[in-house]
**Student:** 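Can you read through this structure? Questions will come right after.
These values consider heavy atoms only, across backbone and side chains, with no hydrogens, waters or symmetry-generated copies.
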Amino acid sequence: GISANAQTAAFNGSDFETWSDFTNSITSFGIKSYATQGLTKGYNGTSSLNITGTPTGNDYVFTVKPTAASYPSSIGSITFWVKGTSGKSLSFNVYMANGTNYNVFNLKDFTTSATITPTIQTSGNVGNGSNDYIGVINTGGAWQKVTLDMSTITSVNVADNTKNFFALKVGKEVSYALDIDDVKVVSSTMGTIDVKEFDKKVKMNTLVSDNLTLIELPSKSTVNIYSV
């Protein structure tokens, strides 16, 4: 097999292709009216979550339940893609096993792909970090990857699909024009994929001398090639 850190959908509909899959994953709090399906606005011309508007409050744009078919036993990160501009930044909650307490990730200024660590709260409601929207977003018209570093977090609600799992928040009274796509959870451990399955997704030409040329890859692929 080929070793890789397994990536799976963070929740049903997390690629925003089938909008009803996404909306069925949302909790009873619903989704804000300025957040819609961005047909052809997603990564590689797919669909996105499009946020266009000026929120009047520090809104929860959406909160989802853990509706994916399966989750890794240990989550190393949550990743997604962002494109566009906004006058304030984004904040994310990842809920603990009880579905109520959460860890907070604040994106801050964002222009290029970045890894974000959780905020720390040591008093009061310990484990609930403080959401803030300080910073601006401008990806320069390109897709940039956000990685939420989950390596220090030991409690995540992936078992109770009636409770909260993940939420996205925005700041108030500034313009947002963003597309978000392909929210995934990444295992903290190496997994193995079958070579035959890999061959279905990657087409290669004949090996000539010491050069290997990849001529077709599935969208949103990462390939690491090592000398042996």
**Student:** Can you give me every donor-acceptor pair (side chain of residues 53-64, partner residue at least two apart or in another chain, under 3.5 Å) with its distance?
**Tutor:**
{"unit_1": "Asn58", "atom_1": "OD1", "unit_2": "Lys172", "atom_2": "N", "d": "3.0"}
{"unit_1": "Asp59", "atom_1": "OD2", "unit_2": "Tyr34", "atom_2": "OH", "d": "2.6"}
{"unit_1": "Tyr60", "atom_1": "OH", "unit_2": "Asn93", "atom_2": "ND2", "d": "3.4"}

**Student:** Just checking, is any N or O donor in the side chain of Thr189 or Ser187 under 3.5 Å from an acceptor N or O on the other one?
**Tutor:**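 There is such a pair between these side chains.
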
**Student:** Tell me yes or no: between the side chains of Asn101 and Asn98, is some donor less than 3.5 Å from an acceptor?
**Tutor:** yes

**Student:** Are the side chains of Leu90 and Ile180 in touch, meaning some heavy atoms are under 4.5 Å apart?
**Tutor:** yes

**Student:** Judged by atom type as modelled, is there a donor-acceptor pair below 3.5 Å linking the side chain of Gln144 to the main-chain atoms of Ser113?
**Tutor:**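 Confirmed, Gln144 side chain pairs with Ser113 backbone.
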
**Student:** Do Asn44 and Thr46 get their side chains close enough for a donor-acceptor pair, meaning under 3.5 Å?
**Tutor:**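 Side-chain D/A pair, Asn44 to Thr46: absent.
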
**Student:** Applying a strict under-4.5 Å side-chain criterion to I, L, V, M, F, W and Y, I'd like to know whether Trp81 and Leu148 cluster together.
**Tutor:**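 No, it is not one cluster - the side chains of Trp81 and Leu148 are not joined through contacts under 4.5 Å.
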
**Student:** Looking at Ala97, is its backbone amide N or carbonyl O close enough to the side chain of Ser155 to form a donor-acceptor pair, meaning the two atoms are under 3.5 Å apart?
**Tutor:** yes

**Student:** Quick check against the 3.5 Å criterion: does Tyr176 have a side-chain atom that pairs as donor or acceptor with the backbone of Ser89?
**Tutor:** yes

**Student:** Report yes if some heavy atom in the side chain of Asp181 is under 4.5 Å from a heavy atom in the side chain of Trp143; otherwise report no.
**Tutor:** yes

**Student:** Give a yes or no on whether Val174 and Phe110 share a hydrophobic cluster (residues Ile, Leu, Val, Met, Phe, Trp, Tyr; joining criterion: side-chain heavy atoms under 4.5 Å apart).
**Tutor:** yes

**Student:** Do Tyr95 and Lys163 have side-chain N/O donor and acceptor atoms under 3.5 Å apart?
**Tutor:**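 There is no such pair (donor and acceptor under 3.5 Å, judged by atom type) between the side chains of Tyr95 and Lys163.
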
**Student:** Are Leu178 and Val170 co-members of a hydrophobic cluster defined by side-chain heavy atoms under 4.5 Å apart?
**Tutor:** yes

**Student:** Which pair of heavy atoms, one from Ala9 and one from Ser14, lies closest together, and at what distance?
**Tutor:**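 What the structure gives for the nearest pair is CB-OG, 3.5 Å.
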
**Student:** So, do Asn164 and Asn157 sit near enough that their side-chain heavy atoms are less than 4.5 Å apart?
**Tutor:**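 Heavy-atom side-chain distance check fails, nothing below 4.5 Å.
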
**Student:** Mind checking whether Val104 and Pro118 have side chains closer than 4.5 Å, heavy atoms only?
**Tutor:**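 Answer no - side chains too far apart.
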
**Student:** Are the ring centres of Phe16 and Phe80 closer than 6.0 Å?
**Tutor:**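 No, too far apart.
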
**Student:** How long is the straight-line distance from CD1 of Ile51 back to OG of Ser175, given to the nearest 0.5 Å?
**Tutor:** 11.5 Å

**Student:** Rounded to the nearest 0.5 Å, how far does CD1 of Ile116 lie from CG of Asn106?
**Tutor:** 9.0 Å

**Student:** Say whether Val94 and Met96 are linked into one hydrophobic cluster, either directly or through other cluster members, by side-chain heavy-atom distances under 4.5 angstrom.
**Tutor:** no

**Student:** Report yes if the distance between the aromatic ring centroids of Tyr71 and Phe165 is under 6.0 Å, otherwise no.
**Tutor:** yes

**Student:** Could you grab the distance from atom CG of Asn138 to atom CG of Asp109, nearest 0.5 Å is fine?
**Tutor:** 10.5 Å

**Student:** Would you say that Ile75 contacts Val158 through its side chain, given a criterion of any heavy-atom pair below 4.5 Å between the two side chains?
**Tutor:**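 In short, these two side chains touch, coming nearer than 4.5 Å.
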
**Student:** What's the separation between atom NZ in Lys88 and atom CG in Leu107, rounded to the nearest 0.5 Å?
**Tutor:** 15.0 Å

**Student:** Residues two or more places apart in sequence or in another chain: which of them pass side-chain hydrogen bond (donor to acceptor under 3.5 Å, both in side chains) with Asn12?
**Tutor:**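 If we apply the side-chain hydrogen bond (donor to acceptor under 3.5 Å, both in side chains) test to Asn12, skipping adjacent residues, there are no hits.
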
**Student:** Compute whether any side-chain donor of one residue and acceptor of the other, for Ser48 and Asn50, lie under 3.5 angstrom apart.
**Tutor:** no

**Student:** Looking at Lys108 and Asp132, is any side-chain nitrogen of the basic one under 4.0 Å from a carboxylate oxygen of the acidic one?
**Tutor:** yes

**Student:** Side chains of Thr139 and Thr85: does their closest heavy-atom pair fall under 4.5 Å?
**Tutor:**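 No. Closest side-chain heavy atoms not under 4.5 Å.
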
**Student:** Are Gln37 and Ser47 close enough that some pair of their side-chain heavy atoms sits under 4.5 Å apart?
**Tutor:**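 Answer yes - side chains close enough.
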
**Student:** Assess the side chains of Asn161 and Thr67: does a donor N or O sit below 3.5 Å from an acceptor N or O?
**Tutor:** no

**Student:** Looking at CE of Met150 and OG of Ser74, how far apart are the two atoms once the value is rounded to the nearest 0.5 Å?
**Tutor:**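 The CE atom of Met150 sits 9.0 Å away from the OG atom of Ser74.
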
**Student:** Using 0.5 Å steps for rounding, measure from the CG atom of Asp15 to the CG atom of Leu49.
**Tutor:**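 The distance works out to 12.0 Å.
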
**Student:** Would you find a donor on one side and an acceptor on the other, under 3.5 Å apart, between the side chain of Asp21 and the backbone of Asn24?
**Tutor:**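 Pair absent, no side-chain N/O of Asp21 close to backbone of Asn24.
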
**Student:** In terms of hydrophobic clusters joined by side-chain contacts under 4.5 Å, are Ile78 and Tyr43 together?
**Tutor:**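 No; tracing contacts between hydrophobic side chains, which count when under 4.5 Å, never links both residues.
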
**Student:** If you define the side chain from C-beta out and look only at heavy atoms, does anything of Lys169 sit under 4.5 Å from Tyr133?
**Tutor:**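 A side-chain contact under 4.5 Å exists here.
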
